[in-house]
There are 2 protein chains.
Amino acid sequence: MKKQAQCNITTQCQTRILAIKDAMEILSGKWKFHILGTLLLNEKLRFMDLLREVEGIAPKMLSKELQDMEMNQLITRTIVHTKPITVEYALTEAGKTVGPLIDELASWGTAYRNALFHQ
Amino acid sequence: MKKQAQCNITTQCQTRILAIKDAMEILSGKWKFHILGTLLLNEKLRFMDLLREVEGIAPKMLSKELQDMEMNQLITRTIVHTKPITVEYALTEAGKTVGPLIDELASWGTAYRNALFHQ
DNA sequence: GAAACTGGTTACCCATTGGTAACTAATATA
DNA sequence: TATATTAGTTACCAATGGGTAACCAGTTTC
């Protein structure tokens with residue numbers, strides 16, 4: 001009589017679950033999407049530009065999130081020997097691939113709002 | 001000389017940022033995607049089924065996440081007066097819309113892994 | 001009568017997240 | 001000489017997230 005559900009034990013499913021876990025880990029936190037989204041629109045930005053663009057972020061958090069994402073090869077950090085020295089942050093090819101994901105998230109959020117509003 | 005970046009102040013951008021913030025809030029936490037993904041594959045599941053399917057989750061967390069998602073109208077909770085009593089959880093129409101988002105997340109995670117592996 | 005099933009709740013604890021504010025060092029400008 | 005720019009770092013603190021383990025009540029089976 002019991003129709004036991006057991007979808008989550010196939011290797012296919014396990015791989016999928018791991019992929020999602022990876023994605024969530026790499027893109028976790030309050031600010032990463034915001035930073036990545038800003039870099040998607042700007043190509044190159046300096047630390048102070050990001051600090052101004054990403055509204056509300058503190059230098060400590062920006063620094064930490066940028067380091068995280070550089071480690072995970074989503075962005076590059078290049079020192080420019082101007083005077084005073086400046087640092088340019090830009091998306092890598094891997095970083096650019098978050099575009100569709102951000103779009104999906106934004107459209108889901110929008111649709112969700114509208115759905116609740118129009119019900 | 002300064003080409004000040006200022007993409008994030010348009011109302012268009014602000015709306016988008018809010019939508020993403022909404023989505024992140026509603027779908028936040030370690031377990032929601034896992035639970036939603038399981039419900040996407042099963043239509044109806046009881047508490048104990050979910051506890052077995054979502055590997056590693058504790059009853060406390062499952063209970064809390066289900067309550068969250070019921071409040072946000074992603075899932076329904078219906079008591080079935082069998083003996084012993086059972087409770088069925090299922091996705092709402094709004095809940096079903098997370099499908100594409102989960103797919104996107106999974107495929108991003110997969111692509112990211114492959115990209116790093118093949119570099 | 002004891003054990004095991006149903007669907008949870010409760011108490012306790014620790015680690016991570018993220019915020020505030022102040023500070024650094026080097027250079028340039030007023 | 002004082003101030004502002006660059007790019008961060010440091011110390012401190014509070015809230016949240018999430019884990020463990022035990023417990024509860026009702027029903028059914030052994």
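Residue numbering restarts at 1 for every chain, and letters A, B, ... go by the order of the sequence lines. In this text the structure is predicted, and so the values were computed from the model without any measurement.
As rounded to whole Å, 16 Å separates atom P of D:dT6 from atom CD1 of A:Ile79. At whole-Å resolution of the value, CD1 in A:Ile57 and P in D:dA7 are 14 Å apart. Rounded to whole angstrom, the span from the CG atom of A:Leu62 across to the P atom of C:dT17 amounts to 17 Å. Regarding B:Trp31, its CH2 atom lies at a distance of 6 Å from the P atom of D:dG19, rounded to whole Å. Rounded to whole angstrom, the span from the CD atom of A:Glu25 across to the C1' atom of D:dG18 amounts to 15 Å. Counting to the nearest Å, the C1' atom of D:dA7 and the CG atom of A:Leu45 are 15 Å from each other. If you measure from atom CG of A:Leu51 to atom P of D:dA4, you get 17 Å, rounded to the nearest angstrom. For the pair B:Lys32 NZ and D:dT16 C1', the interatomic distance rounds to 12 Å; values are reported in whole Å.
The side chain of B:Lys30 contributes an N or O atom lying less than 4.0 Å from OP1 or OP2 of D:dG19. For the OP1/OP2 pair of D:dT6 and a distance below 4.0 Å, the side-chain nitrogens and oxygens of A:Arg52 include at least one atom meeting the criterion.
B:Tyr89 pairs with exactly one of B:Glu70, B:Arg46, B:Arg77, B:Lys44 by the side chain to side chain donor-acceptor pair (under 3.5 Å) rule, that one being B:Arg77. Residue A:Trp31 is tested with A:Leu66, A:Leu36, A:Val54, A:Leu62 for a side chain to side chain contact (heavy atoms under 4.5 Å, CB included); the sole match is A:Val54.
Of the candidates D:dT20, D:dA11, D:dT28, the closest approach to any side-chain atom of B:Pro84 belongs to D:dT28. The side chain of B:Met48 has C:dG7 as its nearest neighbour among C:dG7, D:dT27, D:dT9. Checked against D:dA7, C:dT9, D:dC12, the side chain of B:Ser63 finds its nearest nucleotide in C:dT9. The side chain of B:Phe47 lies closest to C:dG8 when the candidates are D:dT28, C:dG19, C:dG8. Picking from D:dG19, D:dA7, C:dG8 the nucleotide with the shortest atom distance to the side chain of B:Met61 gives D:dG19. Each of D:dG18, D:dA7, C:dT9 was ranked by its minimum atom distance to the side chain of B:Pro59; first place goes to C:dT9. Comparing D:dG8, C:dA28, D:dT28 against the side chain of A:Arg77 picks out D:dG8 as the nearest. The side chain of A:Lys64 has C:dG18 as its nearest neighbour among C:dG18, D:dT20, D:dG8. Taking every side-chain heavy atom of A:Thr86 into account, D:dA7 is the closest of C:dG8, C:dT6, D:dA7. For A:Tyr89, the listed nucleotide lying nearest its side chain is D:dG8; candidates were C:dG8, D:dT27, D:dG8.
Between the CG atom in B:Asp103 and the CG atom in B:Leu40 there is a gap of 8.5 Å [rounded to 0.5 Å]. One finds the CD atom of B:Glu88 at 9.5 Å from the CG atom of B:Asp49 (value rounded to the nearest 0.5 Å).
For the pair B:Leu66 and A:Lys83, nearest-nucleotide mapping onto DNA chain C gives the more 5' position to B:Leu66.
Residue contacts for B:Gln67: at a heavy-atom cut-off of 4.0 Å it reaches the sugar-phosphate backbone alone, with no base atom in range.
Applying the 6.0 Å contact sphere to CD of B:Gln14 captures more than 12 heavy atoms from other residues, nucleotides or ligands.
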Could you please spell out the steps behind the side-chain contact (heavy atoms from CB on, under 4.5 Å) verdict for A:Asp22 and A:Glu25?
CA-CA 5 Å; A:Asp22 280 1; A:Glu25 218 166 278; 5.6 Å; no

